[in-house]
Novice: 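I'd like to ask you about the structure that follows.
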There are 2 protein chains.
Amino acid sequence: MSTSQNAIDRFSRYHRQLADAQPAHCAVRDVLDRIGDKWSMLMVMELATRSQRFSELHRAIPDISKRMLTQTLRDLERDGLVTRHVFSTRPPTVEYRLAALGQSLLEPMAALIDWADRRYPEIHAARVRFDDAPGDVPR
Amino acid sequence: MSTSQNAIDRFSRYHRQLADAQPAHCAVRDVLDRIGDKWSMLMVMELATRSQRFSELHRAIPDISKRMLTQTLRDLERDGLVTRHVFSTRPPTVEYRLAALGQSLLEPMAALIDWADRRYPEIHAARVRFDDAPGDVPR
DNA sequence: CTGTATCCTGCGTGATACTG
DNA sequence: CAGTATCACGCAGGATACAG
């Protein structure tokens, strides 16, 4: 729990700043926002398997629009998690690779995914229990 | 890297299902969505410090509306991450506690937050570099 | 093949007022 | 104190057409 404690403390400090109405830009919030967006982590995981081209990625993740594919890749590139390599062929070839920074994200991400996978039965059970609870709507 | 590999494999399987146009409900996607929402993780971290009442939480996280505070707590309760304890006083007292399931999320969350904190300088630098790059807008 | 440019919609969220 | 009920809105994200 000692490793969690640091994180918690950082959050507390951040919240205290907010309470004092200070702008308080928070690195964690920033990263959480990225984690949170619909496609970024999916993309990182996909590129963890191997470097891939634009259309390969599109095939790998079929339910993303080209618009979002482009935008997500651009954001990841901007943050230094992914690198973009253009080959001057006709038609053009563009390959996306996971940068070292992106690689380093894999470990903590995997920890979270393992948690999700292991705990999902419990979460699901809790949901069923909650939804079946008497006095469902009235509070 | 062996621990990441399992997670990656699970994602690949998930994507393959999607590619075959199967419904493919994914536990990971489910959990990522929760991580992604604006307040859930903030709340879990806050409750990790200590159990708190509704208004204490509101003071601790000043920039959340009562509406979202209620909703987030309800969702967390539904998922079994948080428990809700009502005391029949006047006026009513309600205390929210982190359930065991919620506690178990702390470790992987902390790993991610540590990553965010440690890597933020690199990310920030990458952004500056990207934004200052020549041929900024034209692609 | 690898994108961009528009247009459009829904949903997550905030603001405000009300209640037991 | 601990919520609910309503309204209102921005913007993330989808669909489609076009371009180098």
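First the proteins, then the strands, lettered A, B, ... as listed; each starts at 1.
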Novice: Hydrophobic clusters here meaning ILVMFWY residues chained together by side-chain heavy-atom distances under 4.5 Å, can you tell me if A/F87 and A/L57 are in one?
Specialist: no
Novice: Are any of B/S65's side-chain N or O atoms less than 4.0 Å away from OP1 or OP2 of C/dA15?
Specialist: no
Novice: Whole angstrom is fine here: how far is it from CZ in A/R74 over to C1' in C/dT4?
Specialist: 10 Å
Novice: Can you find a pair of side-chain heavy atoms, one from B/L42 and one from B/I64, that are under 4.5 Å apart?
Specialist: no
Novice: Among the nucleotides C/dT13, D/dG14, D/dT4, which one has an atom lying closest to any side-chain atom of B/M68?
Specialist: C/dT13
Novice: Examine the side chains of A/Q52 and A/E46 and answer whether a donor and an acceptor come within less than 3.5 Å of each other.
Specialist: yes
Novice: Can you see if the side chain of A/R84 gets near the phosphate of C/dG3 - specifically, an N or O under 4.0 Å from OP1 or OP2?
Specialist: yes
Novice: Can you measure B/I64 atom CD1 to C/dA15 atom C1' for me and round it to whole angstrom units?
Specialist: 14 Å
Novice: Provide, to the nearest angstrom, the distance between the CD atom belonging to B/Q71 and the P atom belonging to C/dG12.
Specialist: 8 Å
Novice: Distance check needed: D/dC1 P versus B/L69 CG, whole Å only.
Specialist: 13 Å
Novice: At less than 4.0 Å, is any side-chain N or O atom of A/T70 found next to OP1 or OP2 of C/dG3? Yes or no.
Specialist: no
Novice: Going by modelled atom types, is there a donor-acceptor pair between the base of D/dG3 and the side chain of B/K66 at under 3.5 Å?
Specialist: yes
Novice: Is there a residue in residues 91-99 of chain A whose heavy atoms reach under 4.0 Å of DNA chain D, and which residues are they?
Specialist: A/P92
Novice: Do you know which two heavy atoms are closest between B/G80 and B/L101, and how far apart they sit?
Specialist: O-CB, 3.4 Å
Novice: Pairing donors with acceptors under 3.5 angstrom, does anything connect the side chains of A/T72 and A/D75?
Specialist: no
Novice: Check whether any side-chain heavy atom of B/V44 sits under 4.5 Å from a side-chain heavy atom of B/W39, and report yes or no.
Specialist: no
Novice: What nucleotide among C/dC1, C/dT13, D/dG3 has an atom nearest to a side-chain atom of A/R53?
Specialist: C/dC1
Novice: Round to the nearest Å and state the distance from A/D37 atom CG to D/dG14 atom P.
Specialist: 11 Å
Novice: Of the candidate nucleotides C/dC7, D/dG3, C/dT2, which contains the atom at the shortest distance from the side chain of A/R67?
Specialist: C/dC7
Novice: Write down the distance between CZ (B/F87) and C1' (D/dG3), rounded to a whole number of angstrom.
Specialist: 17 Å
Novice: Are the side chain of A/S55 and the backbone of A/H58 linked by a donor-acceptor contact shorter than 3.5 Å?
Specialist: no
Novice: Can you check the B/R34 CZ to C/dG12 C1' distance for me, whole Å?
Specialist: 13 Å
Novice: Please give, in whole Å, the distance from D/dC11 C1' to B/K38 NZ?
Specialist: 12 Å
